[in-house]
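Here is the structure we will look at, set down as structure tokens.
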Amino acid sequence: MRSAITFCSVILLLVAAFVPVSAAQQPQSLYESWSHGPSTDPDHFPIGVWLQSPSNAAKYKAAGINMYVGLWQGPTEAQLSTLTEAGMQVLCDQNAVGLAHIDDPIIIGWTQQDEPDNAQSDGAGGYGPPVLPEVIQGIYTEFATNDPSRPVFLNLGQGVSYTDYIGRGSRRGHTEDYPEYIKGCDIVSFDIYPVTSPYDNIKGKLNYVSYGVKNLIRWSEGAKPVWNFIECTHISSTEKPTPAQVRAEVWSSIICGSRGIMYFVHQFQPSFNEDALLDDAEMLAAVTTINGWIKDTAWLLNSENDSTLTVKPSSSITPVDAMVKRDWRQGDNGDYYVFAVNKYNKNLSLKVSSPEGVNLNGVWRELTEDRIVSWENGFEEEFAPFDFRIYKLDMSSVGVDDKTPDTGLKLMGNSPNPFNPTTSISFRLAEARDGSVFIYDVGGRKIRTLFEGHIQPGVTSLVWDGLDSGGIKSSSGIYFYEVKAGAERQTGRMLLLR
């Protein structure tokens with residue numbers, strides 16, 4: 001069982017080459033060495049739950065979970081049958097039943113003993129030393145010999161991140177053990193739960209999650225996939241993470257190098273609940289949304305960080321975690337994506353800019369809120385505590401001359417992005433004017449006045465919630481909008497999906 005406003009600025013400096021950039025390559029799968037391992041599809045990102053009843057597999061699948069990790073006293077024939085029916089793959093113990101299913105695609109990996117790096121129960125109410133790394137290495141050799149077609153998974157305890165963790169007993173602080181443990185697996189993981197932690201040193205400090213990810217990458221020399229667990233219930237605490245904190249833990253993990261996310265969904269206090277996440281409507285909805293974004297961006301997350309742009313935070317103490325990806329599907333003209341998350345409980349700001357002499361003027365869109373950030377050579381925005389955003393620079397818009405007259409009205413880039421239907425209206429005005437924005441259905445009937453009043457100069461973005469003037473939800477389809485500013489008016493169209 002696992003135990004569980006200062007204003008800072010962060011500058012992301014985009015340093016672009018002055019020579020043509022070679023096309024980004026399709027990412028190479030981390031799992032191609034195993035014929036029965038996790039999917040090698042670029043659109044697949046491992047998202048799991050720990051030690052759950054197979055009877056709930058369909059519910060977890062609906063929340064975006066694509067694998068089980070561990071089976072209680074299993075695998076058994078009944079467990080594997082239920083998971084097969086639900087289409088839920090699993091990493092499990094290599095017992096006789098598991099080996100009898102050696103050609104069964106429902107099993108995608110073998111699990112080692114959980115948290116062998118922690119002090120182990122002596123069976124008499126006390127604790128002895130951790131399992132020796134050479135024991136774990138020996139089990140790995142046995143598993144791999146029995147079945148070389150699947151990877152061996154090893155999960156380690158919170159000593160990976162909280163290196164002075166008392167729960168390691170006689171090996172407390174001995175981080176030199178970890179490279180040796182890692183030799184006993186193909187996929188390495190760890191868990192730490194800062195919100196629900198009983199330890200004052202780490203309680204509420206979400207940065208310990210990404211710190212552990214970085215340690216495993218360093219100790220494995222980047223040679224093995226690193227996964228990690230995320231808290232989302234009370235566990236054994238009166239505290240529980242908020243949906244925003246869970247989102248920040250997930251995305252800081254991924255940005256810092258995690259290639260698989262697993263949720264710990266048990267609750268032990270005030271009463272035991274194996275599947276507490278499924279009974280928490282707010283958290284379940286949040287986890288489902290997080291998993292949806294991971295799935296929709298997996299083709300980017302599985303690719304290497306872009307090497308033609310550099311990310312340099314101005315503060316190394318409390319930085320916004322950020323990474324830059326490039327759309328390898330578009331070849332030489334791939335769009336840029338910046339994933340960024342504030343894992344701290346204070347306001348930070350993010351500035352993205354290109355070096356002098358490099359033209360990156362183009363449409364920067366923030367995808368999670370579906371809005372245009374700027375049509376300039378970069379942008380600067382403030383991040384509230386635990387904010388997460390994805391920015392996209394549309395390379396087809398870079399270098400396009402802006403023909404807008406000094407006093408003109410210009411509509412801006414309201415085409416659907418790859419992840420959400422567009423329900424925003426963005427336009428730029430050089431001079432302040434009185435104006436209005438209206439929504440029309442395909443029959444030309446005005447159904448909503450979205451804005452009426454004084455419009456400031458610069459970019460204005462409005463989000464239509466899909467409701468008409470009477471508060472009734474509009475159905476899916478094409479709608480038109482009209483922007484009036486002084487004597488000028490322009491019309492565009494937008495897509496609403498329900």
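What's counted below: heavy atoms across the whole structure, side chains too, no hydrogens, waters or symmetry copies. This one's a predicted model, so the numbers in the text were calculated from it and none came from an experiment.
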Between Tyr178 and Trp219, is the ring centre distance below 6.0 Å?
yes
Polar side chain donor-acceptor pair, [X] to [Y], under 3.5 angstrom:
{"X": "Asp104", "Y": "His101", "value": "yes"}
{"X": "Asn228", "Y": "Asp191", "value": "no"}
{"X": "Tyr60", "Y": "Gln52", "value": "yes"}
{"X": "Asp468", "Y": "Ser474", "value": "no"}
{"X": "Asp41", "Y": "Tyr31", "value": "no"}
{"X": "Glu366", "Y": "Thr368", "value": "yes"}
{"X": "Gln330", "Y": "Asn333", "value": "no"}

Report yes if some heavy atom in the side chain of Phe451 is under 4.5 Å from a heavy atom in the side chain of Ile425; otherwise report no.
no
For [X] and [Y], work out which heavy atoms get closest and say how close.
{"X": "Ser253", "Y": "Ile261", "answer": "CB-CD1, 4.0 Å"}
{"X": "Glu249", "Y": "Val209", "answer": "OE1-CG2, 3.8 Å"}
{"X": "Pro385", "Y": "Asn347", "answer": "CD-OD1, 3.1 Å"}
{"X": "Trp328", "Y": "Pro27", "answer": "CE2-CD, 3.2 Å"}
{"X": "Ile47", "Y": "Ile65", "answer": "O-CG2, 3.5 Å"}
{"X": "Pro241", "Y": "Met283", "answer": "O-CE, 3.1 Å"}

Can you list the steps and then say if Ser149 with His36 is a side chain to side chain donor-acceptor pair (under 3.5 Å)?
CA-CA 5 Å; Ser149 73; His36 290 103; 3.1 Å; yes
Which class fits the ring pair Phe268 and His266: parallel under 30°, tilted 30 to 60°, perpendicular over 60°?
parallel
Measure up the Tyr199 and Tyr162 rings against each other and bin them: parallel (under 30°), tilted (30 to 60°), perpendicular (over 60°).
tilted
Using only atom types and a distance under 3.5 Å, with no angle test, would you say the side chain of [X] pairs donor to acceptor with the backbone of [Y]?
{"X": "Trp110", "Y": "Ile107", "answer": "no"}
{"X": "Lys224", "Y": "Ile182", "answer": "yes"}
{"X": "Glu231", "Y": "Thr196", "answer": "yes"}
{"X": "Asn66", "Y": "Phe45", "answer": "yes"}
{"X": "Asn291", "Y": "Ala63", "answer": "yes"}
{"X": "Thr289", "Y": "Ala285", "answer": "yes"}

Answer yes or no for Arg259 and Trp227: cation-pi contact, defined as NZ/CZ to six-membered ring centre under 6.0 Å and angle to ring axis within 45°.
no
With a distance cut-off below 6.0 Å to the six-membered ring centre and an angular limit of 45° from the axis, does Arg326 pair with Tyr336 as a cation-pi contact?
yes
To the nearest 0.5 Å, tell me how far Asp43 CG sits from Asn302 CG.
8.5 Å
Distance col, row Asn201:CG vs Tyr208:OH, nearest 0.5 angstrom, shows 6.0 Å
Please walk me through it: do Arg168 and Asp177 pass salt bridge (Lys or Arg N to Asp or Glu O under 4.0 Å)?
CA-CA 11 Å; Arg168 293 207 63 214; Asp177 294 347; 2.9 Å; yes
Quick check on side chain to side chain contact (heavy atoms under 4.5 Å, CB included): which of Asn155, Ile108, Val152 does Leu91 satisfy it with?
Ile108
State which residue, out of Thr318, Asn207, Asp321, fulfils the side-chain hydrogen bond (donor to acceptor under 3.5 Å, both in side chains) condition with Lys343.
Asp321
Does Asn305 form a side chain to side chain donor-acceptor pair (under 3.5 Å) with Lys325? I'd like the steps, not just the answer.
CA-CA 5 Å; Asn305 289 352; Lys325 301 285 187 177; 2.9 Å; yes
Does [X], at its [atom1] atom, have more than 12 non-hydrogen atoms belonging to other residues, nucleotides or ligands within less than 6.0 Å?
{"X": "Glu32", "atom1": "CD", "value": "yes"}
{"X": "Gln113", "atom1": "CD", "value": "yes"}
{"X": "Glu85", "atom1": "CD", "value": "no"}
{"X": "Lys295", "atom1": "NZ", "value": "no"}

Taking 4.0 angstrom as the limit, do [X] and [Y] come out as a salt bridge?
{"X": "Asp465", "Y": "Arg448", "result": "yes"}
{"X": "Glu239", "Y": "Lys203", "result": "no"}
{"X": "Arg389", "Y": "Asp387", "result": "yes"}
{"X": "Lys240", "Y": "Asp280", "result": "yes"}
{"X": "Asp186", "Y": "Arg150", "result": "no"}

